[in-house]
There are 2 protein chains.
Amino acid sequence: MSKPADHQQLFENALDRLRTSGYKVTAARRDLLKILCQTGDHLTSTDVIEKAAQAKRPIGRASVFRTLDLLTELGIIRPTYLHRGAPNYIVMPENGHHAHIICRDCSQVIEINECSIDEMIDALEVRHNIEITGHLLELYGKCKDCE
Amino acid sequence: MSKPADHQQLFENALDRLRTSGYKVTAARRDLLKILCQTGDHLTSTDVIEKAAQAKRPIGRASVFRTLDLLTELGIIRPTYLHRGAPNYIVMPENGHHAHIICRDCSQVIEINECSIDEMIDALEVRHNIEITGHLLELYGKCKDCE
DNA sequence: ATCTTATTGATACTTAATCTCAATTGGAGT
DNA sequence: ACTCCAATTGAGATTAAGTATCAATAAGAT
Ligand SMILES: [Mn+2]
Ligand SMILES: [Mn+2]
Ligand SMILES: [Zn+2]
Ligand SMILES: [Zn+2]
């Protein structure tokens with residue numbers, strides 16, 4: 001019955017995964033992750049740069065992009081395309097699970113916690129009073145070529 | 001038991017959806033869609049520009065971006081984030097259904113035709129001898145605010 | 001406290017995407 | 001088939017996003 005992990009928990013866990021993978025937990029990486037975890041997610045690189053600057057803890061452009069790339073490789077965050085323009089990054093919880101509905105008209109994003117596609121879609125259509133007309137499912141894993 | 005629609009079919013159908021939505025079927029739009037439908041998908045804006053030029057049917061940069069945006073709004077194509085860099089566009093069949101597995105190591109993309117998540121994931125792990133550790137599911141629809 | 005190496009960030013640069021506007025064209029109407 | 005016009009295109013200029021370089025810094029191991 002996992003409630004959506006609260007921000008602090010998500011943040012700590014993300015840091016752990018970073019550390020466990022053998023990378024240093026630097027100020028830039030910690031700040032970026034904190035920003036992503038706190039702000040209801042879905043931020044672009046530019047959003048991160050601005051928020052860091054606002055918080056008087058600026059992160060260099062290069063470092064922001066490097067960190068977003070690194071965290072993506074590690075599966076800690078994931079880029080998505082919501083509105084248009086630059087990718088929006090979300091923090092992936094350790095169970096590697098995230099789903100949302102994107103309205104094709106207004107681009108509104110409705111976060112969802114349920115899962116199990118077929119019944120799931122039926123249930124979601126009722127619960128959110130929305131007609132779901134399509135989906136993109138991205139599964140992440142490690143293929144046999146990569147052992 | 002829908003076999004994956006062949007390219008020509010997918011292309012014709014995409015054109016229909018474009019026309020039905022009230023937009024003109026221009027050379028630029030037709031060429032772009034043809035390129036996307038033929039080339040096993042997953043093309044960036046730059047890929048499209050290059051392929052059009054190679055085929056001696058160049059499409060202006062502005063038009064490529066405009067068309068990609070339009071087709072995305074109409075739900076005919078969809079940007080995804082595969083390797084890194086610019087978004088990769090795929091053509092969404094009329095049933096609005098597409099799924100692939102992305103290897104977290106080599107970024108290899110394995111296209112899949114099955115569906116129904118939970119059992120699906122188990123089956124896929126066996127079939128492709130891959131361990132699936134996470135997923136992102138994007139559902140598309142029209143929210144109640146948009147009637 | 002010292003040391004080593006990963007990481008940072010300023011700057012310069014390249015590539016992706018947007019804007020503007022005159023020229024073109026799809027397709028509706030006759 | 002011909003006319004007409006709003007929708008669309010594309011060249012070129014501009015802005016934004018992302019990358020490369022490299023000397024300076026700091027995380028964390030010993
Ligand atoms: Mn979301
Ligand atoms: Mn695919
Ligand atoms: Zn909406
Ligand atoms: Zn692989």
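Note on naming: letters A, B, ... go to the chains in the order of the sequence lines (proteins, then strands), and numbering restarts at 1 for each one.
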Checklist entry - Any idea which heavy atoms bring Asp47(A) and His42(A) closest together, and the distance? => result OD2-O, 4.3 Å
Checklist entry - So do His98(B) and Arg78(B) actually touch side chain to side chain, heavy atoms under 4.5 Å? => result no
Item to check | Whole-Å gap separating P (dT14(D)) and CZ (Phe65(B)) | outcome: 19 Å
Checklist outcome for this item: 5'-most contact on DNA chain D (nearest-nucleotide basis), Thr46(A) vs Lys24(A), goes to Thr46(A)
Checklist entry - Is the closest side-chain heavy-atom distance between Ile77(A) and Ile90(A) below 4.5 Å? => result no
Item to check | Outermost nucleotides of DNA chain C that come under 4.0 Å of a non-hydrogen atom of chain B | outcome: dA16(C) to dG27(C)
Checklist entry - For Lys24(B) and Leu18(B), which heavy atoms make the closest approach, and how far apart are they? => result O-CD2, 4.2 Å
Checklist outcome for this item: With sequence neighbours left out, the residues meeting salt bridge (charged side-chain N to carboxylate O under 4.0 Å, His left out) with Asp31(B) are Arg57(B)
Checklist outcome for this item: Shortest non-hydrogen pair, Ala52(A) vs Ile59(A), comes out as CB-CG1, 3.8 Å
Item to check | Stretch residues 12-23 of chain B: residues that reach within less than 4.0 Å of DNA chain D through a heavy atom | outcome: Tyr23(B)
Expected rows: protein N/O vs nucleotides 9-12 of chain D N/O, under 3.5 Å:
from	atom 1	to	atom 2	distance (Å)
dT9(D)	OP1	Thr26(B)	OG1	2.5
dG10(D)	OP2	Gly60(B)	N	3.1
dG10(D)	OP2	Ser63(B)	OG	3.2
dG10(D)	N7	Arg66(B)	NH2	2.6
dG10(D)	O6	Arg66(B)	NH1	3.1

Checklist entry - Do Thr72(B) and Asp69(B) get their side chains close enough for a donor-acceptor pair, meaning under 3.5 Å? => result no
Checklist entry - To 10°, what angle do the rotation axes through the five end pairs on each side of the helix from dA1(C)-dT30(D) to dT30(C)-dA1(D) form? => result 60°
Checklist entry - Does the side chain of Ser63(A) pick up a donor-acceptor pair with the side chain of Arg66(A) at under 3.5 Å? => result yes
Item to check | Nucleic acid contacts - residues 68-88 of chain A versus DNA chain C, non-hydrogen atoms under 4.0 Å | outcome: Arg84(A)
Item to check | No-hydrogen, no-angle side-chain donor-acceptor test under 3.5 Å, Glu50(A) and Gln54(A) | outcome: no
Checklist entry - Within a strict 4.5 Å, meaning less than it, do heavy atoms of the Asn88(B) and Pro79(B) side chains meet? => result no
Checklist entry - Taking all non-hydrogen atoms of both residues, which atom of Ser45(A) and which atom of Val64(A) are closest, and how far apart? => result O-CG1, 4.0 Å
